[in-house]
Amino acid sequence: MSKEQEEMSFWDHLEALRWTLLRCIIALMAFAIGGFSCMRYLFDKVILAPCWSDFILYRMLCKVTSAVPFFPDFCDDKYNVHIFNIKLASQFFTHMSASFWLALLLTFPYLMYEVWKFISPALYEHEKKDVRWVFFFGTIMFFIGCAAGYFLVFPMTLRFLATYQLSEAITEQVSLESYMDNFFMLIFVMGIVFEMPLLSWLLSKLGLLNRAFFNKYRRHAIVGLLVAAAFITPSSDPFTLGCVFFPLYGLYELSAFFVKKAPKEDEESTDIVKYGTV
């Protein structure tokens, strides 16, 4: 703990927290107002982009899958998801909520910086060095996760569910609220899921996790990740399932890479469990 932190009273900490929250709120409001002003353009070009056949993922997959007969067809130029609204004020509130979520996404690095600036006086110098990299790495992984959610997970989920047909008598239309709920949920959930390596590293620093855990439960993790991928994209074809499973499994192996190696006795016991006694 620094000398400056030791000299601060409870009311000084409270005052610092108040100004931290105020700066965060101002930043969110400023970006939310900016997002509100250009949301019509973003809605057509970004948020609703996966509803059309010319979305970047579909064009890429069309080139990859067109040469393989048993892969799903992504070259359908007539693909289009029809969004409808039945509530009078729904479009206005969607406009506001989308502006807020966009502001939260764009200000995430600044919010993390404010959190870091508030807690850093309470840390020792060696702790500051570690936590600084934690915030930097966590921010990068969050944005990578959100990008994976937008460019991969959500379009694959939307395309399967929107084209799934129980009966030809049913006309497929998607409500605005349902679309936006799934859009925000999958993108932000993927952003949080991509923090798994960071969480594993923190637990490893606390001595609660080591590499033996990942080696021991790798088979269980593969089954669990397959179930999670099937839940995210409930498709029957292995290609769509693999598009979600392999990034999740890559996170598992990356998490194992960042944690400390197991003590020698733990490694030996893990090897005995894995290969059996000789």
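Positions are given from 1 along the sequence.
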**Student:** Counting N and O atoms only, with roles assigned by atom type, does the side chain of Thr163 sit under 3.5 Å from a partner on the main chain of Arg159, one being a donor and the other an acceptor?
**Tutor:**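 Side chain of Thr163 to backbone of Arg159, a donor-acceptor pair under 3.5 Å: yes, one is there.
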**Student:** Does Leu104 reach the side chain of Leu111, with side-chain heavy atoms less than 4.5 Å apart?
**Tutor:**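 Touching, per the 4.5 Å side-chain cut-off.
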**Student:** Let me know which of Phe184, Phe84, Phe43, Phe154 forms a ring-ring contact (aromatic ring centres under 6.0 Å, His included) with Tyr179.
**Tutor:**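 For Tyr179, the ring-ring contact (aromatic ring centres under 6.0 Å, His included) test succeeds with only one of Phe184, Phe84, Phe43, Phe154, which is Phe154.
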**Student:** Taking all atoms of both residues into account, what is the closest heavy-atom pair of Ser37 and Gly34, and its distance?
**Tutor:**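 Closest pair (atom of Ser37, atom of Gly34, distance): OG-O, 2.6 Å.
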**Student:** Any idea which heavy atoms bring Ala98 and Met180 closest together, and the distance?
**Tutor:**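 So the minimum-distance heavy-atom pair works out to CB-CE, 4.4 Å.
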**Student:** According to a 4.5 Å side-chain heavy-atom criterion applied to Ile, Leu, Val, Met, Phe, Trp and Tyr, with indirect links allowed, do Leu22 and Met112 form part of one hydrophobic cluster?
**Tutor:**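 No.
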**Student:** Quick check on Met29: does its CE atom have over 12 non-hydrogen neighbours (other residues, nucleotides or ligands) under 6.0 Å away?
**Tutor:**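 12 or below, so no.
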**Student:** Do the ring centers of Phe137 and Trp201 come within less than 6.0 Å of each other?
**Tutor:**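 Distance test on ring centres: not under 6.0 Å, no.
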**Student:** Can you tell me how far the CD1 atom of Ile25 sits from the OG1 atom of Thr107, to the nearest 0.5 Å?
**Tutor:**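 Output value for this atom pair is 11.5 Å.
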**Student:** Taking side chain as C-beta onward, heavy atoms only, is Phe142 less than 4.5 Å from Leu105?
**Tutor:**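 Touching, per the 4.5 Å side-chain cut-off.
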**Student:** How long is the span from the CD atom in Gln91 to the CD1 atom in Ile83, to the nearest 0.5 Å?
**Tutor:**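 Answer for the CD-CD1 pair, Gln91 versus Ile83, is 11.5 Å.
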**Student:** Can you give me the closest heavy-atom contact between Leu198 and Gly138, atom names plus distance?
**Tutor:**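 Answer, listing the atom of Leu198 first, then Gly138: CD2-CA, 3.7 Å.
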**Student:** With rounding to the nearest 0.5 Å, note down the distance linking CG in Leu248 to OH in Tyr252.
**Tutor:**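 Answer rounded to 0.5 Å: 13.0 Å.
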**Student:** Please say whether more than 12 non-hydrogen atoms of neighbouring residues, nucleotides or ligands are located less than 6.0 Å from CZ in Arg40.
**Tutor:**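 Not more than 12 within 6.0 Å, no.
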**Student:** So with a 6.0 Å cut-off around CD of Gln173, is the heavy-atom count from everything else above 12?
**Tutor:**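 Enclosed: over 12 neighbouring heavy atoms sit under 6.0 Å from CD of Gln173.
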**Student:** Aromatic rings Phe245 and Tyr249: how do their planes relate, parallel, tilted or perpendicular, breaks at 30° and 60°?
**Tutor:**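 Because their plane-to-plane angle is under 30°, the rings of Phe245 and Tyr249 count as parallel.
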**Student:** Do Ile192 and Phe258 land in one hydrophobic cluster if side-chain heavy atoms of ILVMFWY residues count as linked below 4.5 Å?
**Tutor:**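 No, separate clusters.
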**Student:** Could you give the distance from CD (Glu177) to OG1 (Thr94), rounded to the nearest 0.5 Å?
**Tutor:**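 Glu177 CD to Thr94 OG1: 6.5 Å, rounded to 0.5 Å.
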**Student:** Is the number of heavy atoms from other residues, nucleotides or ligands within 6.0 Å of CG (Leu88) greater than 12?
**Tutor:**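 Counting other residues, nucleotides and ligands, CG of Leu88 stays at 12 neighbours or fewer.
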**Student:** So do the side chains of Ser53 and Asn80 get within less than 4.5 Å of each other, counting heavy atoms only?
**Tutor:**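 They are not in contact (no side-chain heavy atoms under 4.5 Å apart), so the answer is no.
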**Student:** Say whether, by atom type as modelled, one donor and one acceptor occur between the side chain of Ser204 and the main chain of Ser200 under 3.5 angstrom.
**Tutor:**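 No, the answer is negative, given that no donor and acceptor are paired below the 3.5 Å cut-off.
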**Student:** Do the ring centers of Phe55 and Tyr150 come within less than 6.0 Å of each other?
**Tutor:**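 Distance test on ring centres: under 6.0 Å, yes.
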**Student:** If you measure from CG on Leu152 to CG on Leu61, what distance do you get to the nearest 0.5 Å?
**Tutor:**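 If we round to the nearest 0.5 Å, Leu152:CG and Leu61:CG are 8.0 Å apart.
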**Student:** Let me know which of Phe108, Phe183, Trp101 forms a ring-ring contact (aromatic ring centres under 6.0 Å, His included) with Phe188.
**Tutor:**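 Result for ring-ring contact (aromatic ring centres under 6.0 Å, His included) with Phe188: Trp101.
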**Student:** Hey, are the side chains of Leu102 and Phe31 touching, using non-hydrogen atoms and a 4.5 Å cut-off?
**Tutor:**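 Not in contact.
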**Student:** Report yes if some heavy atom in the side chain of Leu251 is under 4.5 Å from a heavy atom in the side chain of Met141; otherwise report no.
**Tutor:**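 The answer is yes; the side chains approach within 4.5 Å.
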**Student:** Where do Ala32 and Ala103 come nearest, in terms of heavy atoms and distance?
**Tutor:**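 Closest approach of Ala32 to Ala103, heavy atoms only: N-CB, 3.4 Å.
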**Student:** Can you confirm whether Lys117 is buried at NZ, in the sense that more than 12 heavy atoms of other residues, nucleotides or ligands lie under 6.0 Å from that atom?
**Tutor:**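 Check passes, neighbour count above 12.
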**Student:** Mind checking whether Ile144 and Met190 sit in one hydrophobic cluster, side chains of I, L, V, M, F, W, Y counted as touching below 4.5 Å?
**Tutor:**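 Yes, Ile144 connects to Met190 through the hydrophobic network.
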**Student:** If hydrophobic clusters are built from ILVMFWY residues whose side chains come within less than 4.5 Å, do Leu225 and Leu199 share one?
**Tutor:**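 Same cluster.
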**Student:** Are any non-hydrogen side-chain atoms of Trp19 and Glu15 less than 4.5 angstrom apart?
**Tutor:**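 Trp19 vs Glu15: side chains touch.
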**Student:** Tell me, do Thr157 and Asn182 make a side-chain contact under 4.5 Å, heavy atoms counted?
**Tutor:**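 They are not in side-chain contact.
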**Student:** Could you go through the ring pair (Phe, Tyr, Trp, His ring centres under 6.0 Å) check for Phe257 and Phe214 one step at a time?
**Tutor:** CA-CA 9 Å; Phe257 175 78; Phe214 291 91; over 10 Å; no
**Student:** When hydrophobic residues are tied together by side-chain contacts of less than 4.5 Å, even through go-betweens, does Ile222 share a cluster with Met196?
**Tutor:**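 Ile222 clusters together with Met196.
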**Student:** Please determine whether the number of non-hydrogen atoms from other residues, nucleotides or ligands lying under 6.0 Å from atom OH of Tyr110 exceeds 12.
**Tutor:**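 Enclosed.
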**Student:** Any donor and acceptor pair, going by atom type alone, linking the side chain of His82 with main-chain N or O of Glu172 inside 3.5 Å?
**Tutor:**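 Absent.
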**Student:** Closest heavy-atom contact between Lys45 and Ala49?
**Tutor:**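 It is O-CB, 3.5 Å.
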**Student:** CD1 of Ile56: more than 12 outside heavy atoms within 6.0 angstrom?
**Tutor:**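 12 or below, so no.
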**Student:** So, does Tyr58 use its side chain to make a donor-acceptor pair with the main chain of Pro50 at under 3.5 Å?
**Tutor:**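 Answer holds: yes.
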**Student:** What heavy-atom pair brings Tyr79 and Cys51 nearest, and what distance separates the two atoms?
**Tutor:**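 Heavy atoms only, the tightest pair is CE2-O, 3.8 Å.
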**Student:** Within this structure, what is the CG-CE distance for the pair Leu57 and Met156, rounded to the nearest 0.5 Å?
**Tutor:**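 Going from CG on Leu57 over to CE on Met156, the span is 6.0 Å.
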